[in-house]
Every structure is written in structure tokens, then in C-alpha cells.
**Student:** 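One structure coming up, written as C-alpha cells, with questions to follow.
As the structure is a computational prediction, the values presented were derived from the model and not from experiment.
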Amino acid sequence: MKYLFFLLLPLAYLAGNVYLFFRGKAAFAAQSTGVKVLLLIIFLCCALAFFGAFFLRQVHLPSTVAQLIEQMGSGWLVFTLYMVIALLLLDLLKLCHLQLTYGFHFALFTVLSLLAYGNYHYMHPVVREINRTIPKVLSGEEQTLKIVAISDVHLGYATNKTMLQRYIKQINALRPDLVLIGGDLVDHAIEPLWQERMQEELSDIHTPFGTYFVPGNHDFMSGIREVQRFIAETPIVMLRDSVVCLPNGLQIVGRDDRHNPHRQSLSTLTASVDPARPILLVDHQPYDLAETAQAGVDLQFSGHTHRGQVWPMSLLVDRLFEWSYGSKEIGDCLIYVSSGLSLWGPPFRIGTDSEIAVFNLTFQAAK
């Protein structure tokens with residue numbers, strides 16, 4: 001299924017651009033030759049940037065050049081999607097004998113306005129607060145805990161050092177007791193993180209109980225050993241099929257990503273935990289959710305889905321996953337799937353949010 005998707009996507013993209021070319025050619029037929037040549041050059045550069053971004057991923061380029069190609073290519077993908085939808089709607093209106101004089105221009109203005117909104121919306125993450133009472137006891141006098149959880153940061157040429165600085169500032173402003181990073185911290189290559197020294201920003205997260213990170217599929221694609229080496233330059237603790245028990249008794253179970261064919265089962269991981277103490281599970285991909293509840297987990301945090309990033313992809317993603325976004329209760333367990341802090345590919349959020357999840361947890365008072 002995955003390989004079929006990666007085959008159909010470029011074919012659909014090519015078909016959409018051929019359609020746009022002929023519609024645009026007709027719409028700008030009255031323009032001078034110079035204007036038409038300029039528009040053709042812009043069109044070809046943007047359309048081909050999609051393939052350039054894919055094939056040049058492992059080529060060492062200046063960060064500004066790599067970022068430009070990446071943003072142009074992925075942005076044009078969404079532009080093509082919405083322009084094709086808009087023009088097909090105009091074709092339907094034409095069949096109903098309703099025709100706009102400057103239909104192509106109207107569609108172009110509408111789509112560009114929508115993308116401008118989508119980029120602004122992406123650049124301004126929302127803070128999603130989830131209040132939850134867990135009927136278990138922490139050590140000492142503590143009865144509450146604030147956990148800030150993020151996923152899918154996709155650091156690289158698109159999500160660069162400047163954006164990371166802004167994210168860290170937002171996280172620290174929330175004054176978390178603990179920070180969880182639910183996978184896909186790296187986009188598709190570790191080189192830009194070293195080039196921009198992003199370990200400096202990641203080392204600036206302030207929490208009394210630390211920051212914990214589990215890998216996602218993109219972290220494996222980037223080279224999991226290189227990601228581990230990079231994380232070792234920060235105070236962040238990387239959990240790969242491991243359990244951490246904090247001084248207050250909170251137990252964090254961090255699963256390796258499904259890309260590891262030898263990752264441990266959840267039942268094996270939780271065999272050593274104390275069921276009388278709170279149990280948090282961080283697992284990048286939200287699968288086998290009933291198994292989480294059976295293991296006695298109180299809260300699971302996942303990401304991966306991005307909830308499709310833009311409509312109508314969100315409708316497809318909602319059907320591909322058992323639970324693609326938000327809170328879901330299974331027995332005494334709360335499952336939370338985040339739509340992600342940043343993005344893979346197109347820098348737009350349309351119909352979905354970039355988000356930081358804040359769990360305000362209240363525990364049972366010690367007797």
C-alpha cells in the first residue's frame with residue numbers, strides 16, 4: 001500500500017501540472033511573449049522543484065539553497081492540489097451554464113490567499129491543554145504535574161534553527177515539570193542540525209524532571225545512530241525500549257519505533273513497572289491501542305499522523321488510523337495523538353493545527 005502511494009503521488013502530480021499548464025496557457029493567451037516566457041519559467045522551476053527536493057536530499061548543499069528547493073517543491077505540491085480542485089469546480093459550474101469571466105485568475109487569487117493563511121496558521125502553533133486525574137500516588141507531597149508534549153518537529157532545512165528557537169521559547173514559557181518528544185525530531189537528514197548547531201537550542205529546555213525523547217520513522221530514515229550521537233550532545237534522554245522511573249515515582253515507558261523489527265513488545269517493557277504508580281507511554285506511531293490499556297498504562301502520547309496536515313488529506317488519514325488525532329479513552333487509559341508541532345513537506349496547515357500538548361495531571365493524595 002505504501003509503495004503504491006509513492007507511485008501514484010508523482011503520477012497524480014504530473015497529471016495535475018499538465019492540466020494547470022493548459023488551463024494557464026489559455027488564461028494568459030493575450031499576454032505578450034515576454035510575459036508568457038517568464039510565467040513558463042516560473043511554472044517549470046516550481047513544478048520541477050518537487051522532484052529536485054526529493055532527489056537532492058542526500059546532496060550537500062548550502063542550507064539556504066536546500067531550504068529554498070524544499071519549500072518550493074513541497075509548497076507547489078499543495079498549490080497544484082488546490083488549483084486543480086478550484087479549476088475542476090469552475091468546470092462543473094461551466095457545465096451548469098455558470099461561467100466566471102476571469103475564472104482562472106479568481107482561482108489563482110483564492111488559492112494563494114488560502115496558502116497564505118495556511119502558512120500563517122502553521123507558523124503559530126496552538127497550545128492544547130488536557131486535564132486528567134490519575135488515581136495513583138506520586139512520592140512526596142506532589143499531587144500535580146505539568147507535562148509539555150510535542151511530536152513531529154522535523155528539524156532540518158525547512159524547520160530550521162530560527163524556528164526551533166521560537167519553539168523552545170514557547171515551551172519554556174509554559175513552565176513544564178517534564179517535556180516529552182514523541183518522535184520524528186529529525187526530518188530526513190542530520191547534517192543541517194549539525195550545521196546550524198541546533199543542539200544548543202535543544203539544550204536550553206528548562207524542566208525540573210528532564211526531557212525524554214523516543215524515535216520516530218523519520219529519525220530512523222535519518223540514520224538512527226547519527227540521531228543518537230546528536231542527542232548525546234544535549235541533556236535530552238533518548239528512550240529506545242526502555243523505562244525511566246523519576247524520583248517522584250512517575251514511570252515513563254519509551255518504545256522504539258516500528259521501523260525497528262526487533263523492538264520489544266509492550267508487555268515485555270511493562271513487566272518490570274509498578275502498577276500502583278503512574279505509567280506514561282510514549283510511542284511515536286499510534287497502533288494497537290487496546291494493547292496499551294491492557295498493559296495498565298495511564299496515559300499514552302503519540303504523533304506521526306500530522307492529521308494529514310491539509311484538507312482533504314486529513315479525511316484520508318482519519319480513515320487510515322484507528323485514532324488519528326486528539327484524546328481517546330480506552331478503559332482507564334487516555335490515548336492522545338498529537339497533530340505535531342511542525343511538518344513534513346508543505347509549510348501549510350489547512351483544516352489542522354500545529355500544536356503543543358500540555359497535560360495537567362492530578363494524582364491521588366498519599367494516605
Side-chain angles (χ1 to χ4, degrees), residues 125 127-128 130 145-156 158-161 163-188 190 192-193 198-224 226-244 246 250-260 263 280-286 299-306 335-344 354-359 361:
V127 175
R128 197 83 65 198
I130 303 98
L145 198 66
K146 177 186 276 192
I147 299 176
V148 168
I150 60 173
S151 72
D152 302 279
V153 186
H154 288 275
L155 295 175
T159 308
N160 58 19
K161 186 181 183 77
M163 291 186 66
L164 179 58
Q165 288 171 341
R166 188 162 64 247
Y167 290 153
I168 299 303
K169 185 177 180 180
Q170 287 180 281
I171 291 168
N172 286 336
L174 293 167
R175 298 185 179 279
D177 297 313
L178 173 71
V179 170
L180 302 175
I181 304 175
D184 281 2
L185 180 64
V186 183
D187 191 19
H188 56 71
I190 198 71
L193 281 70
M198 294 191 202
Q199 65 269 35
E200 295 173 348
E201 280 67 41
L202 292 172
S203 299
D204 200 34
I205 300 174
H206 303 307
T207 67
F209 290 109
T211 300
Y212 297 88
F213 159 62
V214 299
N217 54 302
H218 276 257
D219 301 305
F220 271 82
M221 290 161 55
S222 304
I224 192 63
E226 282 299 305
V227 172
Q228 282 183 299
R229 189 165 72 88
F230 177 80
I231 291 298
E233 297 289 319
T234 76
I236 296 172
V237 177
M238 188 173 183
L239 302 178
R240 298 186 63 193
D241 284 343
S242 48
V243 180
V244 170
L246 301 185
L250 181 71
Q251 301 164 107
I252 304 173
V253 180
R255 296 200 74 181
D256 209 349
D257 188 68
R258 290 163 62 92
H259 265 60
N260 178 4
R263 77 169 184 165
L280 269 61
L281 170 65
V282 190
D283 190 357
H284 178 62
Q285 301 190 43
L299 170 65
Q300 173 178 331
F301 178 71
S302 296
H304 183 62
T305 71
H306 297 208
I335 310 288
Y336 191 86
V337 180
S338 173
S339 56
L341 178 55
S342 189
L343 295 174
W344 170 78
S354 294
E355 70 168 24
I356 298 172
V358 178
F359 296 98
L361 302 182

**Student:** Can you confirm whether Ile181 sits close enough to Met238 that some side-chain heavy atom of one is under 4.5 Å from a side-chain heavy atom of the other?
**Tutor:**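 A side-chain contact is absent here, since even the closest heavy-atom pair is not under 4.5 Å.
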**Student:** Can you confirm whether Ile171 sits close enough to Val179 that some side-chain heavy atom of one is under 4.5 Å from a side-chain heavy atom of the other?
**Tutor:** yes
**Student:** Measure the OG-CG distance between Ser338 and Leu180 for me, rounded to the nearest 0.5 Å.
**Tutor:**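 CG of Leu180 is found 11.5 Å from OG of Ser338.
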**Student:** Any idea which heavy atoms bring Leu341 and Ser354 closest together, and the distance?
**Tutor:** O-CB, 3.2 Å
**Student:** Compare all side-chain heavy atoms of Ile252 with those of Leu239 and state whether any distance is below 4.5 angstrom.
**Tutor:**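 Answer yes - side chains close enough.
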**Student:** Mind checking the OG-CD spacing from Ser151 to Glu355? Nearest 0.5 Å is all I need.
**Tutor:** 7.5 Å
**Student:** Can you tell me if Asp152 uses its side chain to pair, donor with acceptor, with the backbone of Asp184 under 3.5 Å?
**Tutor:** no
**Student:** Could you tell me whether Asp256 and Arg240 have a side-chain N and a carboxylate O separated by less than 4.0 Å?
**Tutor:**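 Salt bridge flag = yes for Arg240 with Asp256.
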**Student:** What distance separates Thr211 OG1 from Ile150 CD1, expressed to the nearest 0.5 Å?
**Tutor:**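 Rounded to the nearest 0.5 Å, the OG1-CD1 separation comes out at 8.5 Å.
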**Student:** Check the pair Leu145, Phe209 against side-chain contact (heavy atoms from CB on, under 4.5 Å), reporting the backbone distance first and the verdict last.
**Tutor:** CA-CA 10 Å; Leu145 198 66; Phe209 290 109; 4.0 Å; yes
**Student:** I'd like to know if the side chain of Thr234 and the backbone of Ile231 have a donor-acceptor N/O pair within less than 3.5 Å.
**Tutor:** yes
**Student:** Please assess Leu164 against Thr159 for the test side-chain contact (heavy atoms from CB on, under 4.5 Å), listing each intermediate value before the final yes or no.
**Tutor:** CA-CA 7 Å; Leu164 179 58; Thr159 308; 5.7 Å; no
**Student:** Would you say the side chain of Leu280 lies within less than 4.5 Å of the side chain of Ile147, judging by non-hydrogen atoms?
**Tutor:**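 In contact.
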**Student:** Quick one, His304 and Asn217 - any side-chain contact, counting heavy atoms below 4.5 Å?
**Tutor:**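 With C-beta onward as the side chain, the pair touches.
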**Student:** Is there a side-chain contact between Leu246 and Tyr212 (heavy atoms, below 4.5 Å)?
**Tutor:** yes
**Student:** Going through the distances and angles, do Arg255 and Asp241 end up as a side-chain contact (heavy atoms from CB on, under 4.5 Å)?
**Tutor:** CA-CA 4 Å; Arg255 296 200 74 181; Asp241 284 343; 4.3 Å; yes
**Student:** Quick check: does any side chain N or O of Asn172 sit under 3.5 Å from a backbone N or O of Lys169, one acting as donor and the other as acceptor?
**Tutor:**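 Flag not set: sc Asn172 to bb Lys169 has no pair under 3.5 Å.
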**Student:** Return the minimal non-hydrogen interatomic distance between Gly183 and Phe213, and the atom names on each side.
**Tutor:**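 The answer is CA-CE1, 4.1 Å.
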**Student:** Say whether Asp257 and Gln285, considering side chains only, have a donor N or O and an acceptor N or O under 3.5 Å apart.
**Tutor:** yes
**Student:** Which pair of non-hydrogen atoms, one from Ser302 and one from His284, has the smallest distance, and what is that distance?
**Tutor:**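 For Ser302 and His284, the tightest heavy-atom pair comes out as CB-O, 3.7 Å.
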**Student:** Short question: side chain of Lys161, backbone of Leu193 - any donor-acceptor pair under 3.5 Å?
**Tutor:**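 Between the backbone of Leu193 and the side chain of Lys161 there is no qualifying donor-acceptor contact (under 3.5 Å).
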**Student:** Over 60° means perpendicular and under 30° means parallel, so tell me whether His259 and Phe220 are parallel, tilted or perpendicular.
**Tutor:**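 Aromatic pair His259/Phe220 classed tilted.
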**Student:** Is there a side-chain contact between Leu155 and Pro192, using heavy atoms and a 4.5 Å cut-off?
**Tutor:** no
**Student:** Check ring pair (Phe, Tyr, Trp, His ring centres under 6.0 Å) between His306 and all other residues, then give those that pass, not counting sequence neighbours.
**Tutor:**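 Ring pair (Phe, Tyr, Trp, His ring centres under 6.0 Å) check on His306 returns His154.
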**Student:** So, does Asp177 use its side chain to make a donor-acceptor pair with the main chain of Lys146 at under 3.5 Å?
**Tutor:** yes
**Student:** Minimum heavy-atom separation for Ile190 to Glu226, with atom names?
**Tutor:** CG2-CB, 4.0 Å
**Student:** Return the set of residues passing side-chain contact (heavy atoms from CB on, under 4.5 Å) with Gln170 (not counting sequence neighbours), or none when no residue passes.
**Tutor:**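 Scan of Gln170 (side-chain contact (heavy atoms from CB on, under 4.5 Å), adjacent residues dropped) gives Pro125, Arg166, Tyr167, Ile356.
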**Student:** Do the non-hydrogen side-chain atoms of Leu281 and Leu299 ever get within less than 4.5 Å of each other?
**Tutor:** no
**Student:** Measure the OG1-CG distance between Thr207 and Leu178 for me, rounded to the nearest 0.5 Å.
**Tutor:** 6.5 Å
**Student:** Please report the interatomic distance CD(Glu233) to OG(Ser203), rounded to the nearest 0.5 Å.
**Tutor:**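 Separation between the atoms: 8.5 Å.
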**Student:** Considering all heavy atoms of both residues, which atom of Pro208 and which atom of Pro176 are nearest to each other, and what is their separation?
**Tutor:**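 In this case the closest contact between Pro208 and Pro176 is CD-O, 3.4 Å.
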**Student:** Please name the pair of heavy atoms, one in Pro235 and one in Leu202, separated by the smallest distance, quoted to 0.1 Å.
**Tutor:** CD-O, 4.5 Å
**Student:** Give, for atom CD1 of Ile130 and atom OH of Tyr336, the distance between the pair rounded to the nearest 0.5 Å.
**Tutor:**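 The OH atom of Tyr336 is 4.5 Å from CD1 of Ile130, to the nearest 0.5 Å.
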